[in-house]
Amino acid sequence: SAACGSVTLYRMNGQNHDYPSVRTGGYTGPSKFWLEIRKFFASHSRCAPSTSTTCTNRGGLSCNAPSVSNYQTTFFASGSAAKSAPACALECERSKGCIEATYSDTYKFCRLFGLPFVPQCSSWGAGWGQTSTYGCTAAAITTPLPTLVTTQLTAPVPTPVSTPMPTTTPTPTPTVAFCLPGQALS
């Protein structure tokens, strides 16, 4: 299903309209905006789909009821979905609630059924030229909880110096002290 959670506004303060085109690593590197948005997606991973829809070809019958000419109860998918049978099936897989799709290769249309505002097909038959009909089923998917990734920073290992160090009087190591709010550092 396409909708999976609440909307979160992503805003980059202090940036103007041309910021997204700034790139790292020259002209071919990823944009800084893309790197920022990937961090945003990683920290907002709870908005994952809860179901996965799969469509399989059921043959060449087309839906007779509701009628293709009844525009109040028929949904025609446009754009790339009207170009091929696999594209029509993909449109159904990506549309919330879709359970059936019919593509007419003769008339170049894709009809979707079972959407929230479109009834299921109640009668199948021949017609509308060379057609492909898909039955679609939704199955629940489990989304793993995000895991916390921690990185431990380690200091670089110093390389040994080949020349001996001159002997000098050692300087005292500075001490670092912190104070609580309202307390003076002595």
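Positions are given from 1, in the same order as the sequence printed here.
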Return the set of residues passing side-chain contact (heavy atoms from CB on, under 4.5 Å) with Thr137 (not counting sequence neighbours), or none when no residue passes. none
Hey, does the side chain of Glu91 reach the backbone of Ala81 with a donor-acceptor pair shorter than 3.5 angstrom? no
Heavy-atom nearest pair, Thr133 first then Asn57, reads O-OD1, 3.2 Å
Taking all non-hydrogen atoms of both residues into account, name the closest pair between Thr106 and Gly129 and its distance. OG1-CA, 3.2 Å
What are the two closest heavy atoms between Thr53 and Ala138, and how far apart are they? OG1-CB, 3.8 Å
Applying side-chain hydrogen bond (donor to acceptor under 3.5 Å, both in side chains) to Ser67 and not counting sequence neighbours gives Ser69
Distance check, rounded to the nearest 0.5 Å: Ser95 atom OG versus Phe75 atom CZ? 6.5 Å
So, for Ser132 and Tyr134, which heavy atoms are closest and what is the spacing to 0.1 Å? CB-CE1, 3.9 Å
Supply the members, apart from Tyr103, of the Ile/Leu/Val/Met/Phe/Trp/Tyr cluster built from side-chain contacts under 4.5 Å; use none for a lone residue. none
Less than 3.5 Å apart, which donor and acceptor atoms pair up between the side chains of residues 110-120 and the rest of the protein, not counting sequence neighbours?
from	atom 1	to	atom 2	distance (Å)
Arg111	NH1	Cys63	O	3.2
Arg111	NH2	Pro66	O	2.9
Arg111	NH2	Thr74	OG1	3.4

Can you list the other members of the hydrophobic cluster that holds Leu61, where links are side-chain heavy atoms under 4.5 angstrom apart? Trp124
Can you list everything that forms a side-chain contact (heavy atoms from CB on, under 4.5 Å) with Ser123? Sequence neighbours excluded, please. Asn64, Ala65
Nearest 0.5 angstrom please: Glu93 CD to Cys88 SG, how far? 10.5 Å
How would you list, by chain and number, every residue that makes a ring-ring contact (aromatic ring centres under 6.0 Å, His included) with Phe109, sequence neighbours excluded? Phe76, Trp128
Tyr107 backbone acceptor or donor facing Ser104 side chain under 3.5 Å: yes
Applying salt bridge (charged side-chain N to carboxylate O under 4.0 Å, His left out), can you list everything that pairs with Lys83, at least two apart in sequence or on another chain? none
Apply side-chain hydrogen bond (donor to acceptor under 3.5 Å, both in side chains) to Asp105 and list each qualifying residue two or more places apart in sequence or on a separate chain. Lys108
Pairing residues for Glu100 by the salt bridge (charged side-chain N to carboxylate O under 4.0 Å, His left out) criterion, not counting sequence neighbours: Arg58
Indicate, with yes or no, whether the SG-to-SG separation of Cys92 and Cys136 is under 2.5 Å. no
